**Q** 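For reference, the structure I am asking about is given below.
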Amino acid sequence: MSSEQVYEMLWDCKYCGTKKLLGKTHRFCPNCGAPQDDEARYFPSDDEKVAVKDHVYYGADVICPNCDTLNSANTQFCQQCGTPLADAEKAQLVTDEQVIADGQSFQAAGSSNVAQKRYDAKLDAAGLSQNGQPKPRRNNLMLYGIMGLVAVVILGGLAAVFWKRDTTAYVTGHSWTREISIDEFAPRAQNAWCDVMPADAYSISRRSEVRSYRQIPDGQECSTMRVDNGDGTYSERRECRTRYREEPVYDQMCYFTVNRWGYERSVRADGDSVNDEPYWPDTNITQSGTCIGCEREGDRQARYIVHFRADSNDYACNLEQSAWMSMPIESTWTFKVGVLTNQPDCNSLEPAGG
Ligand SMILES: [Zn+2]
Ligand SMILES: [Zn+2]
């Protein structure tokens with residue numbers, strides 16, 4: 001919803017001091033005859049505003065390049081001196097913030113000092129602040145700092161992954177572990193929205209909980225905005241938007257028990273020699289099948305570690321069982337080691353001198 005109304009801007013005559021002249025009606029000061037100056041225009045307070053009836057808008061006024069008189073955008077020659085206005089500059093618009101919420105009113109802005117603003121804008125463009133000091137470059141320094149830091153992190157990450165040296169090492173020992181995880185079929189407490197509860201749930205209790213939110217229209221939020229048209233008038237626009245509030249939507253949450261498989265325990269076997277032949281540990285499952293308290297085997301995991309020594313560094317590689325068995329104690333091997341991380345690259349393992 002919006003409505004628009006046009007009113008007169010105000011201006012003060014800087015030659016004779018007459019105040020609150022009308023921007024559209026008084027193109028020249030009725031007191032001394034001086035032409036209106038676009039830089040002297042300002043918005044009136046709500047009490048002072050004068051409506052413009054049947055306003056026709058041609059665009060912002062143009063400024064005569066010869067005598068500085070403001071002319072309507074639809075005139076071709078200056079009404080004061082007759083100079084052609086084809087390439088004339090447009091009038092400066094007043095850009096002061098002009099928005100209020102409902103229940104507030106506009107205060108008189110007073111003659112805005114556009115000349116000072118233009119001067120400040122020029123200083124700003126030249127990189128100078130108003131007291132003539134160069135602007136601090138702190139933001140830029142910070143940006144470079146962050147970029148530098150990011151570069152260091154990226155380079156560091158690349159070096160950690162790719163910067164490697166060759167090492168020759170001899171085998172000092174072997175170790176292995178084999179592990180089986182055991183699942184148990186047991187009652188387990190769970191919860192779900194009642195409409196998606198598992199069919200075999202039991203011992204169910206329900207509770208009302210917030211499942212989502214919906215948007216409820218909750219009155220209107222209106223504001224009034226004023227925009228300088230640049231032809232001695234401004235437009236006042238009132239705009240309203242529907243305001244919404246969030247309202248919780250409740251649903252039934254079910255708390256229940258279901259009988260499900262789940263991790264219960266692990267069994268593990270280990271050894272520290274190739275002669276100590278790897279075996280899977282006894283699971284000690286007493287009840288199998290599907291009953292409360294029944295158990296079954298879950299995941300199996302095996303690790304076959306070869307231990308190396310080079311100079312004063314110890315390394316370890318987790319290998320396939322066949323490779324692990326074929327690397328005798330004191331045999332020598334070469335592999336790559338991360339310069340920063342000191343981690344061996346076990347995929348690069350090769351017999352030394354071969
Ligand atoms: Zn005057
Ligand atoms: Zn002129």
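What you see is a predicted model; the values in this text were computed from it and never measured. Just follow the structure's listing: the first ligand is 1, and inside any ligand the first atom is 1.
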**Q** Using the test side chain to side chain donor-acceptor pair (under 3.5 Å), find all partners of N31 that sit at least two apart in sequence or belong to another chain.
**A** T18
**Q** For N74, enumerate each residue passing the side chain to side chain donor-acceptor pair (under 3.5 Å) test, keeping only those at least two apart in sequence or located in another chain.
**A**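 Counting only residues at least two positions away or on another chain, N74 forms a side chain to side chain donor-acceptor pair (under 3.5 Å) with S72.
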**Q** Under 6.0 Å from the six-membered ring centre of Y250 and within 45° of its axis: does the NZ or CZ of R211 meet both?
**A**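 No, cation not above the ring by the 6.0 Å, 45° rule.
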**Q** Between F335 and Y315, does the ring centroid distance fall short of 6.0 Å?
**A** yes
**Q** If you round to 10 degrees, what value do you get for the angle at the Zn ion (ligand 2) between C81 atom SG and C67 atom SG?
**A** 120°
**Q** If you have a sec, read the angle at the Zn ion (ligand 2) from C78 atom SG over to C64 atom SG, to 10 degrees.
**A** 110°
**Q** List in chain and number order the residues that pass side chain to side chain donor-acceptor pair (under 3.5 Å) with K336, two or more places apart in sequence or in another chain; answer none if no residue qualifies.
**A**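 D166.
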**Q** Can you check the number of protein N/O/S atoms within less than 2.8 Å of the Zn ion (ligand 1)?
**A**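 For the Zn ion (ligand 1), the figure is 4.
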**Q** State whether W261 and R296 meet the cation-pi test: NZ (Lys) or CZ (Arg) under 6.0 Å from the six-membered ring centroid, and within 45° of the perpendicular axis.
**A** yes
**Q** So, for Y279 and A269, which heavy atoms are closest and what is the spacing to 0.1 Å?
**A** CE1-CB, 3.6 Å
